[in-house]
Amino acid sequence: MLLEINNLFFSHTQDKPLFQNLNLRFEANKIIALAGESGCGKSTLLNLIYGLLDWQSGDIIFDGTRLLGPKGNLVPGETEMKFVAQNFDLMPYATVAENVGKFISNINLKQKKETVMELLEVVGLQEFAHVLPKYLSGGQQQRVAIARALSVLPKLLILDEPFSNLDFPRKIELRERLFRYVSQHGISLIISTHELQDIMPWLDQIVILQDGRLIQNDSPEQTYRYPYNSYVAKLFGEVNIFSETEAADFQLQKLSYYPKEIRITENGLDAEVMESRFAGSYYWNKIKAKDKELVLYTDERLDGSIRISFI
Ligand SMILES: Nc1ncnc2c1ncn2[C@@H]1O[C@H](COP(=O)(O)OP(=O)(O)OP(=O)(O)O)[C@@H](O)[C@H]1O
């Protein structure tokens with residue numbers, strides 16, 4: 001087991017405990033998402049794991065060693081881990097390449113240069129090698145920090161919302177190269193996020209926190225198909241939520257249905273189309289069935305009366 005969190009108690013302030021008896025296990029060589037809405041405790045947990053905050057009680061065991069937190073470390077942070085927080089402290093007067101090479105030995109300069117260029121390629125910043133960080137956008141600076149963290153081949157890399165500052169094309173480029181690189185180099189990755197859709201294909205495990213509580217810890221497929229509650233389902237994007245009474249009335253098996261889980265059928269429930277809008281690869285439709293508004297995605301524009309089934 002790479003990382004074990006046992007009976008962890010932590011609060012920022014006395015009146016508001018955050019983690020009360022948190023237990024979690026992470027296996028090595030996995031890509032794990034730590035997900036949940038803003039304020040659920042993701043950043044705090046990452047800071048605790050990396051040794052930047054002292055916890056009240058419980059154990060964090062990394063690769064067989066019980067961690068001591070900041071009280072036990074002269075230099076903040078654990079040596080076999082790297083953490084890229086949301087504020088990425090780059091050296092302001094050093095170029096992008098110098099920043100990325102900060103932790104790489106100077107013994108073989110040619111090798112160092114090659115490694116730096118390979119890492120800049122992973123994060124898509126080769127052409128910025130000789131630029132100072134102040135001329136880069138927030139998202140670009142964050143990518144420099146990720147490349148620098150990768151340079152030491154840590155056992156565990158922790159990234160706090162790494163894609164939050166990136167536009168969509170850059171996000172999809174970076175996620176593929178980054179996830180491939182960590183898998184090929186045996187680096188375990190914990191990545192915090194408040195939305196799962198875009199990184200799903202690369203994940204081995206999804207850990208979900210709600211108000212400091214661990215509410216689900218499953219494979220991506222299991223989490224998506226059987227979300228513990230509507231809070232979990234909403235992390236995957238748009239979703240139709242039903243109360244217990246509504247679910248009984250609709251004769252449903254679950255309390256949440258994604259827009260693709262409602263289909264047009266010949267012998268289904270009567271519904272009226274209220275809106276049908278072009279959304280690129282699908283049509284976004286708002287319909288009304290049994291007085292409840294629902295969203296479903298279809299390949300064709302909808303109109304008038306339809307019949308639907310829940311799958
Ligand atoms: N230094 C602090 N002092 C007091 N409370 C704090 C402190 N840092 C965070 N908190 C509180 O602890 C809770 C968890 O915060 P945390 O930053 O870990 O959440 P998060 O899930 O990472 O949110 P986000 O996605 O917005 O970064 C929140 O209620 C927050 O207000």
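Counting starts at 1 for both ligands and their atoms, following the listed order.
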May I ask you to decide whether D218 forms a salt bridge with R225, counting only side-chain N to carboxylate O separations under 4.0 Å?
->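 Judged by the 4.0 Å cut-off on N to carboxylate O distance, D218 and R225 do not form a salt bridge.
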Do the charged groups of D249 and K290 touch, with an N to O distance under 4.0 Å?
->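 So D249 pairs with K290 through a salt bridge.
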When you measure from [atom] to every protein heavy atom, which one gives the shortest distance, and what is it?
| atom | answer |
| --- | --- |
| atom 9 (C) of ligand 1 | H12 NE2, 3.3 Å |
| atom 29 (O) of ligand 1 | K16 NZ, 3.2 Å |
| atom 27 (O) of ligand 1 | S43 OG, 3.5 Å |
| atom 26 (O) of ligand 1 | S38 OG, 2.5 Å |
| atom 25 (O) of ligand 1 | K42 NZ, 2.9 Å |

Has D303 got more than 12 heavy atoms of other residues, nucleotides or ligands less than 6.0 Å from its CG?
-> no
Check whether more than 12 heavy atoms from other residues, nucleotides or ligands sit under 6.0 Å from atom CZ of R263, and answer yes or no.
->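 No, not enclosed.
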Closer than 4.0 angstrom: is that true for some heavy atom of G41 and an atom of ligand 1?
-> yes
Any donor-acceptor pair under 3.5 Å from R148 side chain to K102 backbone =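 Such a contact is absent between R148 side chain and K102 backbone.
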Which atoms of ligand 1 are found less than 4.0 Å from any heavy atom of [X]?
| X | answer |
| --- | --- |
| T44 | 14 (C), 15 (O), 16 (P), 18 (O) |
| E161 | 25 (O) |
| Q86 | 27 (O) |

Measure the spacing between CD of E261 and OG of S309 and express it to the nearest 0.5 Å.
->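 Going from CD on E261 over to OG on S309, the span is 13.0 Å.
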Check whether any protein heavy atom sits under 4.0 Å from atom 31 (O) of ligand 1.
-> no
Describe, in one word, how the ring planes of H185 and Y181 are oriented to each other, choosing from parallel (under 30°), tilted (30 to 60°) and perpendicular (over 60°).
->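 Correct class here is parallel.
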For the residue pair F242 and Y257, does the interplanar ring angle fall in the parallel (under 30°), tilted (30 to 60°) or perpendicular (over 60°) class?
->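 Correct class here is perpendicular.
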Any N or O on C40 sitting closer than 3.5 Å to an N or O of ligand 1?
->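 Such a contact does occur with ligand 1.
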Report the member of A35, G39, G212, S11 with the shortest heavy-atom distance to atom 20 (P) of ligand 1.
-> G39
Between Q210 and Y228, does any side-chain donor sit less than 3.5 Å from a side-chain acceptor?
-> no
Answer side chain, backbone, both or neither: which part of E37 comes under 4.0 Å from ligand 1, heavy atoms only.
->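 Backbone only; the side chain of E37 stays clear of ligand 1.
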